[in-house]
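One structure is given below, encoded as structure tokens.
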Protein chains: 2
Amino acid sequence: MKNVNSDLAYNHIRRRILNGDYLPGASLITEELSKEIGVSRTPVRDALRQLEVDGLVSIRPRLGASVKQVNLKEFREICEMRVALESHAAGLAAISRSQEDLAEMEYALQAMHPLSAKLREADREDDDVISALIREDVRFHVAIMTAAKNDLMKKEIHRLHLINRVVSGPAAMSQGARTEAKATMDANRASVMAEHESIFRAISAGDSAAAKHAMGEHIQSIIDKSVRLMSRAESRVLARELSQEEMLYTI
Amino acid sequence: MKNVNSDLAYNHIRRRILNGDYLPGASLITEELSKEIGVSRTPVRDALRQLEVDGLVSIRPRLGASVKQVNLKEFREICEMRVALESHAAGLAAISRSQEDLAEMEYALQAMHPLSAKLREADREDDDVISALIREDVRFHVAIMTAAKNDLMKKEIHRLHLINRVVSGPAAMSQGARTEAKATMDANRASVMAEHESIFRAISAGDSAAAKHAMGEHIQSIIDKSVRLMSRAESRVLARELSQEEMLYTI
DNA sequence: TCTTGAGTAAATGTATACTAAAATATTCAA
DNA sequence: TTGAATATTTTAGTATACATTTACTCAAGA
């Protein structure tokens, strides 16, 4: 995208969705958005179609656009795609990684150690430390995607991440679920660190099969955790779609 | 898509691209297309944007749309994605396959045996037999994707296949390359059959790891063959993009 | 002859008016 | 009061006019 107004609309709507200003299911009316952004309906339509491709918006012909609501089936499918792509990417990274790639991964790991330790010792959760930890976690994963030397794959993985973020991110979670998520993350922090280490060792050693396997386990465990969390959170956006049959019991 | 006119335009352009009427690199002018199809520019623009998502068209802002030309780097990336997704899908299929799925795979294999044998015996290539063989090959792979019970993954694999078909399909090949492709395919037919058999055995036995591995090898060998063929074919559409530096030698 | 630059043509991006379909409100009868 | 039929409103799809940018042509000068 580089069409000034379409770009404007795209970035505006995208930011607001990722921000949680428009919650999953909320309808996105082109005219309202065009007034809000200050462009005509045409670039807004373009932006919504692009966002549909990104998986953040769903468009039903003649009925308009709304923020994508992911049901359990789709969530599972997205997760399976992530396992397939991220583990394969780790395998490629073990073959194609440069010294710079390895240095970036090592930097992230070195940075995470003290941060993780600090959280384990402290009684209270420190948001700054947590966000720093998340940043380094992302850095580690991005470094691997970069090392795999496959832009298409990197882009697709990023796309899937963003969809998951919209449905399982802060915006889509209740307050209770959010604190519980923090607790679980805290408990599993040590195992995450160990998994990162073994992924890094395999990539560093150039052992493609081992890297692939280690990453597969890692992503799978992350997914298992978030699925468990979301089920408990009774998140509206993750609710299974009820069949016509089941809807008969609404009395 | 279900907007009558956008749909009309989308199907029209898509068919012509897959048909080879518009070759890779050909520019697609919205006004020409709108006259040809008999709708206004708006639905044509929608269709072109959708086709860009499909990976069949590339749009450069202000410069218009053209049929996608895939360079060697992108081709490699698409192939790597296919290996990642199709092998993972085979692994899932080994877990989730139903009796109907297995029956469909077995049907395809049973149908391929005599067809393959007939081609090996006959001196002359029989187009009808070849297209029947391709149909059963597709049936086998589709059955596996279906058995994996992941629509998102199935759709993405199908998308990647179509892109490969446009750049490496009959339309994108010279006559010489086409006959050579046939010869190579003939030589490798036996090994393809053996690979199919071992994939089927693993899925049937519910051995996820084995199915994954067998499919990975199978796709990789298919890709290796087509890469070799295309390199030899000196296909314009697969040509590496020349740098500014290199363009200085055009005298 | 080659390069440079103004001018022109062509095609895309954008805004808007029009059309059609879906959702909502209203009316009237049972 | 309820329910169905109808009218109104809203909103998306489409066509088209206008604005903007790019590419191309052709002439003038080095």
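We name chains A, B, ... by the order of the sequence lines, and we start the count at 1 in each one.
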Practice item. Could you identify which residues of residues 33-45 of chain B place a heavy atom less than 4.0 Å from some atom of DNA chain D, listed by residue number, or say none? Key: B:Val39, B:Ser40, B:Arg41, B:Thr42, B:Pro43
Point to revise | N or O in side chain of B:Asn5 less than 4.0 angstrom from D:dA15 OP1/OP2 | key: yes
Practice item. Using a strict cut-off of less than 4.0 Å between a Lys/Arg side-chain nitrogen and an Asp/Glu carboxylate oxygen, indicate whether B:Arg49 and B:Glu52 qualify as a salt bridge. Key: no
Exercise for review: State the CG-CZ distance between A:Leu56 and A:Arg165, to the nearest 0.5 angstrom.
Suggested key: 10.0 Å
Practice item. Would you check if there is a donor-acceptor pair between the side chains of A:Ser98 and A:Asp101 at a distance under 3.5 Å? Key: yes
Review point. Between atom CD1 in A:Ile29 and atom C1' in D:dT11, what is the gap in whole Å?
Key: 8 Å
Exercise for review: Grab the two heavy atoms, one from B:Cys79 and one from B:Asn164, that are nearest each other, plus how far apart they are.
Suggested key: SG-ND2, 4.2 Å
Review point. Rounding to a whole Å, what distance do you find between A:Leu48:CG and D:dA12:P?
Key: 9 Å
**Study point:** Salt-bridge present (A:Arg159, A:Glu156; N to O < 4.0 Å)
**Key:** yes
**Study point:** Whichever of B:Ile59 and A:Leu63 has its nearest DNA chain C nucleotide further upstream toward 5'
**Key:** B:Ile59
Check your understanding: Between A:Arg49 (CZ) and D:dT14 (C1'), how many Å, whole number?
Key -> 12 Å
Review point. With respect to the phosphate group of D:dA12, does any side-chain polar atom (N or O) of A:Thr30 fall under 4.0 Å of OP1 or OP2?
Key: yes
Practice item. Name the first nucleotide and the last nucleotide along DNA chain C (5' to 3') that come under 4.0 Å of a heavy atom in chain A. Key: C:dG13 to C:dA23
Review point. Using 4.0 Å as the upper bound for N to carboxylate O, is an ion pair formed by B:Lys68 and B:Asp54?
Key: no
Exercise for review: State plainly whether the residues B:Arg16 and B:Glu36 are in salt-bridge range, i.e. N to O under 4.0 Å.
Suggested key: yes
Kindly list each side-chain donor-acceptor pair under 3.5 angstrom involving residues 80-89 of chain B, sequence neighbours excluded, with atom names and distances?
residue, atom, partner, partner atom, Å
B:Glu80, OE1, A:Asn150, ND2, 2.7
B:Glu80, OE1, B:Arg76, NH1, 3.4
B:Glu80, OE2, B:Arg76, NH1, 3.0
B:Arg82, NE, B:Glu86, OE2, 3.1
B:Glu86, OE2, B:His161, NE2, 2.9
B:Ser87, OG, B:Val83, O, 2.6
B:Ser87, OG, B:Ala84, O, 3.4

